[in-house]
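Here's the structure, in structure tokens; my notes come after.
For the numbers below, each heavy atom of this structure counts, side chains included, while hydrogens, waters and symmetry mates do not.
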Amino acid sequence: FNTNFKVLRPSEIPGMMPPDWLTENVFPEQGVCVIYGHSGVGKTFVVLDHALATYSGRPFMGHNTVKRRGSVYLCLEGDVRTRLMAAALSYGIPLADLDTHLTILEGALHITEGDSYDQLYNTLVQLREQHYEIGTVYIDTLAQAMAGANENAAEDMGTAIAHVTALAREFDCLMVLVHHTGKVAEA
């Protein structure tokens, strides 16, 4: 075949290597995942719980943590401080112990815009150069990361996913997008 696509026959699937897991059978070590749900159901607590599980090596929701890695959390909506303090307390982890394993970034991100994407990319490069661990990057929320873009437009969402996928590849990390259900779906 003369194509950029990997051609895969169904009969080849059983012989393929399974993905390398960050959290067994839940989160791969590298790629893009979405935590999706209604407003107020605890999506931020889920990602903070995952960040602390991968830091501590403890199970995440009954699944073994295979790799212990650091995280970057982009807080684009709300206040993460009280939630993080509660999660760390439940794990018995002093906040100071997390300083080189969990980096919190606050501010604005417009992932569909080149300048804003470049700014996030450069921030991650600087963190890596300063020996901060970048195993998982959580973007909370995708809607805030796409401010000014149309979440329902294939072009805008395609650009966002392409940028997030590029970051996952460049930093060999897992990108986790926190996303709300639509207003109609919540009604």
Side-chain angles (χ1 to χ4, degrees), residues 1-10 12-13 16-23 25-39 43-44 46-48 50-51 54 66-67 69-78 80 102-130 132-186:
F1 294 96
N2 185 15
T3 179
N4 289 335
F5 294 103
K6 178 180 179 181
V7 177
L8 179 65
R9 291 181 173 81
E12 297 171 320
I13 292 173
M16 294 178 66
M17 294 295 295
D20 291 327
W21 294 110
L22 179 60
T23 305
N25 298 320
V26 178
F27 289 112
E29 195 172 326
Q30 193 268 341
V32 178
C33 294
V34 177
I35 302 290
Y36 179 79
H38 296 295
S39 295
K43 296 178 298 296
T44 297
V46 169
V47 297
L48 290 175
H50 186 254
T54 57
V66 178
K67 304 278 178 163
R69 300 195 316 187
S71 303
V72 176
Y73 178 84
L74 276 81
C75 180
L76 306 176
E77 180 178 286
V80 72
L102 177 61
T103 303
I104 300 169
L105 303 176
E106 293 181 316
L109 173 65
H110 304 283
I111 195 72
T112 57
E113 297 176 12
D115 290 344
S116 189
Y117 166 81
D118 291 344
Q119 191 173 39
L120 175 58
Y121 175 88
N122 292 331
T123 299
L124 294 175
V125 167
Q126 290 173 45
L127 287 170
R128 182 171 60 189
E129 288 171 351
Q130 294 177 22
Y132 283 86
E133 295 182 80
I134 303 174
T136 307
V137 177
Y138 304 96
I139 298 179
D140 191 358
T141 65
L142 179 59
Q144 289 298 317
M146 291 184 66
N150 184 349
E151 294 175 52
N152 298 313
E155 183 177 353
D156 289 348
M157 186 58 80
T159 299
I161 297 302
H163 283 168
V164 169
T165 301
L167 291 170
R169 288 187 182 134
E170 173 64 27
F171 294 95
D172 191 28
C173 69
L174 175 64
M175 299 291 298
V176 178
L177 306 172
V178 178
H179 194 47
H180 297 291
T181 56
K183 297 288 185 205
V184 173
E186 291 183 12

Audit row: Thr136, His50, side-chain hydrogen bond (donor to acceptor under 3.5 Å, both in side chains) steps and yes/no: CA-CA 10 Å; Thr136 307; His50 186 254; 4.9 Å; no
For the residue pair Leu124 and Glu170, establish whether any side-chain heavy-atom pair is separated by less than 4.5 Å. no
Compare every heavy atom of Gly31 with every heavy atom of Ala168, then report the nearest pair and how far apart it is. CB-O, 3.5 Å
Is there a side-chain contact between Val125 and Phe171, using heavy atoms and a 4.5 Å cut-off? yes
Minimal heavy-atom distance between Lys43 and His38, with the atoms involved, is NZ-O, 2.7 Å
State, yes or no, whether a side-chain contact exists between Leu102 and Tyr138 at a heavy-atom distance under 4.5 Å. no
One should read off an interatomic distance between Glu113 CD and Met146 CE, to the nearest 0.5 angstrom, of 10.5 Å
First locate atom CE of Met175, then atom CD of Gln30, and finally report the distance between them rounded to the nearest 0.5 Å. 10.5 Å
Flag, side chain of Arg69 to backbone of Cys173, donor-acceptor distance under 3.5 Å: no
Under 3.5 Å, is there a donor-acceptor pair linking the side chains of His180 and Glu151? no
Spacing of Ile139 atom CD1 and Leu167 atom CG [to the nearest 0.5 Å]: 7.0 Å
I'd like to know whether CG of Asp115 has more than 12 heavy-atom contacts from other residues, nucleotides or ligands below 6.0 angstrom. no
Let me confirm one number: the CG-CD1 distance from Leu142 to Ile35, rounded to the nearest 0.5 Å. 12.5 Å
Spell out, as yes or no, whether a donor-acceptor pair under 3.5 Å connects the side chain of His163 to the backbone of Ile111. yes
Side-chain donor-acceptor contact under 3.5 Å, Asp156 with Thr112: no
Can any side-chain N or O of Glu12 pair as donor or acceptor with the backbone N or O of Arg9 at less than 3.5 Å? yes
